[in-house]
Amino acid sequence: MSLTTPTTRRRRAAAAVVTAALLVPLAAACGNDKDSQGSKASSPSGSSGTAPKAAQLTVLAASSLTDVFKAAGAAYEKENPGTHVTFSFAGSQELAAQVKQGAPADALVTADTKTMDGLKADVNDSSIIARNRLVIAAGKGNPKKIEGLKSLSADTLKVVLAAPQVPVGRYSKQVLDAQKITVKPVSQEPNVRAVLSKVELGEADAGIVYKTDAAAAKGKVDTIDIPDAQNAVAKYPAATLKTSKNSDAAAAFVKWLSSPEAQKILTDAGFQQP
């Protein structure tokens with residue numbers, strides 16, 4: 001049996017104190033690591049891993065895009081769950097007025113570059129997403145036997161055109177003036193859909209509209225093509241509004257309009273690629 005002297009007991013006590021002192025910071029460090037890991041696990045992921053927020057987008061679009069954009073919007077929403085796109089269709093000049101008045105919207109698509117260029121203080125950089133051409137829309141069966149632009153000058157015809165402030169009205173004037181053809185319209189409408197409606201309802205014998213609008217009314221009107229040499233090309237620029245409250249989502253939608261999927265939807269509707 002070994003004997004423990006007072007000196008030995010004092011040495012062992014001192015050693016125990018030192019050991020305890022060394023273990024305290026080590027335990028604290030381990031505790032800090034666990035806390036750190038715990039906070040990382042419970043904290044939200046960084047921007048690269050965060051799912052995009054749902055967005056409610058309002059897009060102002062030219063009347064001639066009414067049918068095709070409904071299809072494009074549905075395709076975009078399916079591709080981007082949580083994002084909802086609402087369209088407001090009108091003549092490009094009306095849309096421009098809405099933008100200048102501060103309409104709460106996120107993006108704009110016009111049927112001409114002139115209107116978009118006049119809004120440089122209100123929109124970001126634009127890009128052309130599609131092109132279009134003019135045709136003559138006549139009553140179903142073409143009862144007046146309209147053959148081309150020259151036919152529209154006949155006094156016996158009731159011709160309706162879009163107002164000259166409207167892109168399609170401006171394009172119409174351009175092609176008629178180039179061929180030195182004088183047309184006295186029975187009315188000047190605020191957008192291309194209004195022109196088409198007059199012909200569909202029999203309130204006019206003919207009108208100049210976009211090729212895509214006449215195609216959308218197939219079976220209700222007859223279409224007379226205008227030769228390329230006499231025609232005009234309408235360009236459709238798209239841009240986000242500087243006042244948009246969903247700038248990232250709006251930019252993503254505008255970019256998507258140039259994607260292969262969106263371009264197929266546009267070309268299937270009769271639009272030409274940019």
Side-chain angles (χ1 to χ4, degrees), residues 61-69 89-95 109-115 128 130-236 266-274:
S63 294
S64 50
L65 294 166
T66 300
D67 297 304
V68 70
F69 262 20
F89 299 104
S92 295
Q93 81 291 347
E94 293 181 46
L95 300 177
V109 187
T110 61
D112 66 334
T113 54
K114 181 177 181 180
T115 300
I128 305 298
R131 298 171 189 266
N132 213 341
R133 289 194 176 257
L134 302 180
V135 297
I136 299 170
K140 186 177 180 180
N142 192 12
K144 298 294 183 177
K145 307 301 179 185
I146 298 167
E147 297 180 351
L149 290 174
K150 288 185 178 180
S151 299
L152 300 181
S153 62
D155 292 335
T156 55
L157 276 186
K158 291 189 294 183
V159 179
V160 62
L161 299 174
Q165 297 84 5
V166 185
V168 69
R170 190 161 56 248
Y171 293 133
S172 299
K173 185 177 186 305
Q174 176 184 326
V175 300
L176 291 170
D177 288 350
Q179 300 302 311
K180 295 180 170 48
I181 297 172
T182 300
V183 174
K184 297 178 181 179
V186 294
S187 68
Q188 293 183 318
E189 302 301 319
N191 58 65
V192 68
R193 284 305 172 102
V195 173
L196 187 65
S197 178
K198 290 277 188 180
V199 179
E200 285 183 20
L201 296 173
E203 296 177 11
D205 299 315
I208 297 179
V209 300
Y210 293 119
K211 179 180 179 179
T212 53
D213 291 288
K218 186 176 181 180
K220 299 178 181 178
V221 299
D222 273 27
T223 300
I224 297 91
D225 289 329
I226 299 174
D228 286 350
Q230 300 176 6
N231 217 320
V233 179
K235 298 178 182 179
Y236 290 73
L266 286 162
T267 53
D268 285 350
F271 288 87
Q272 299 175 347
Q273 291 189 344

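In this structure, the separation between CD on Gln179 and CD on Gln174 is 11.0 Å, given to the nearest 0.5 Å. Between Lys198 atom NZ and Leu196 atom CG the span is 12.5 Å, to the nearest 0.5 Å. Between Leu95 atom CG and Phe89 atom CZ the span is 10.0 Å, to the nearest 0.5 Å. Taken from NZ in Lys114 to OG in Ser92, the straight-line distance is 12.0 Å, to the nearest 0.5 Å. We find the CG-CD1 distance between Leu176 and Ile226 to be 7.5 Å, quoted to the nearest 0.5 Å.
Take Pro274 and apply the side chain to side chain contact (heavy atoms under 4.5 Å, CB included) test, not counting sequence neighbours, and it matches Ile128, Gln263. The side-chain hydrogen bond (donor to acceptor under 3.5 Å, both in side chains) test applied to Tyr210 returns no partner, not counting sequence neighbours. Thr110 meets the side-chain hydrogen bond (donor to acceptor under 3.5 Å, both in side chains) test with no other residue; sequence neighbours excluded.
Closest heavy-atom contact between Ala138 and Val199: C-CG1, 3.6 Å.
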Result block: side-chain N/O donor-acceptor pairs under 3.5 angstrom for residues 147-167, not counting sequence neighbours:
residue	atom	partner	partner atom	Å
Ser151	OG	Glu147	N	3.1
Ser153	OG	Lys150	O	2.8

Do any side-chain atoms of residues 181-193 form donor-acceptor pairs under 3.5 angstrom with protein atoms, and if so which ones, sequence neighbours left out?
residue	atom	partner	partner atom	Å
Ser187	OG	Glu189	OE2	2.7
Asn191	OD1	Arg193	N	3.1
Asn191	OD1	Ala194	N	2.9
Arg193	NE	Asp213	OD1	2.6
Arg193	NH1	Asp67	OD2	3.2
Arg193	NH2	Asp67	OD2	2.5
Arg193	NH2	Asp213	OD1	3.3

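For the pair Asp225 and Arg133, the salt-bridge criterion is not met [side-chain N within less than 4.0 Å of a carboxylate O].
Contact check for Val135 versus Lys211: side-chain heavy atoms found under the 4.5 Å cut-off. Proximity of Val168 to Val209: side-chain heavy atoms (C-beta onward) are nowhere separated by under 4.5 Å.
Residue pairs satisfying the salt bridge (charged side-chain N to carboxylate O under 4.0 Å, His left out) criterion with at least one member in residues 166-181, sequence neighbours excluded, are listed as follows: Asp112-Arg170, Lys173-Asp177.
Between Tyr236 and Phe271, the ring planes lie perpendicular to each other; the angle is over 60°, past the 30° to 60° tilted range.
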